[in-house]
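Here the structure comes first, spelled out in structure tokens, and everything after it is commentary.
Side-chain atoms are counted along with the backbone in the values below, which use heavy atoms only and exclude waters and symmetry mates.
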Amino acid sequence: MRQIEGNPDVAIAGDWFTAHGKGENLGFFGREENKKIAGTLREAFSEWIDNGHNNFSDTNTCILCIRLTE
């Protein structure tokens, strides 16, 4: 996140895609402003999101938004 604050140009890749975009830190997962998106993420990743690897009470657990440009 510190690097993205200095240079928000990011890239993502998977088995069948690549993309570029601008990264934005939406802040703490548990913020009231993030309640709707956090709920959507919990639903989308329900199979593994609560597997013990995430600490949602830690204010450093944040949401990264990538707005795709290509």
**OP:** Give the minimum heavy-atom separation between Thr18 and Ala13, together with the two atoms involved.
**Re:** CG2-CB, 3.9 Å
Subject >> Heavy-atom closest pair, residues Asn25 and Cys62 >> reply: OD1-CB, 3.5 Å
Subject >> Spacing of Asn54 atom CG and Trp48 atom CH2 [to the nearest 0.5 Å] >> reply: 6.0 Å
Original post:
Does a sphere of radius 6.0 Å around CD in Glu33 hold more than 12 heavy atoms from other residues, nucleotides or ligands, not counting ones at 6.0 Å or beyond?
Top reply: yes
Original post:
Would a hydrophobic clustering, with Ile, Leu, Val, Met, Phe, Trp and Tyr connected at side-chain separations under 4.5 Å, put Leu26 with Leu64?
Top reply: no
Subject >> Phe56 six-ring face occupied by Arg42 cation (under 6.0 Å, within 45°) >> reply: yes
**OP:** Can you measure from CG (Asp9) to NZ (Lys22) and round to the nearest 0.5 angstrom?
**Re:** 3.5 Å
Original post:
Heavy atoms, side chains only, cut-off 4.5 Å: are Ile12 and Leu68 in contact?
Top reply: yes
Original post:
If you round to the nearest 0.5 Å, how far is CD1 of Ile4 from SG of Cys65?
Top reply: 10.5 Å
Original post:
Atom OG1 in Thr61, atom CZ in Phe28: separation rounded to 0.5 Å?
Top reply: 7.0 Å
Original post:
Which value, rounded to the nearest 0.5 Å, describes the distance between Ile63 atom CD1 and Met1 atom CE?
Top reply: 9.0 Å
Subject >> Nearest-0.5 Å distance, CD1 of residue Ile37 to CZ of residue Phe29 >> reply: 9.0 Å
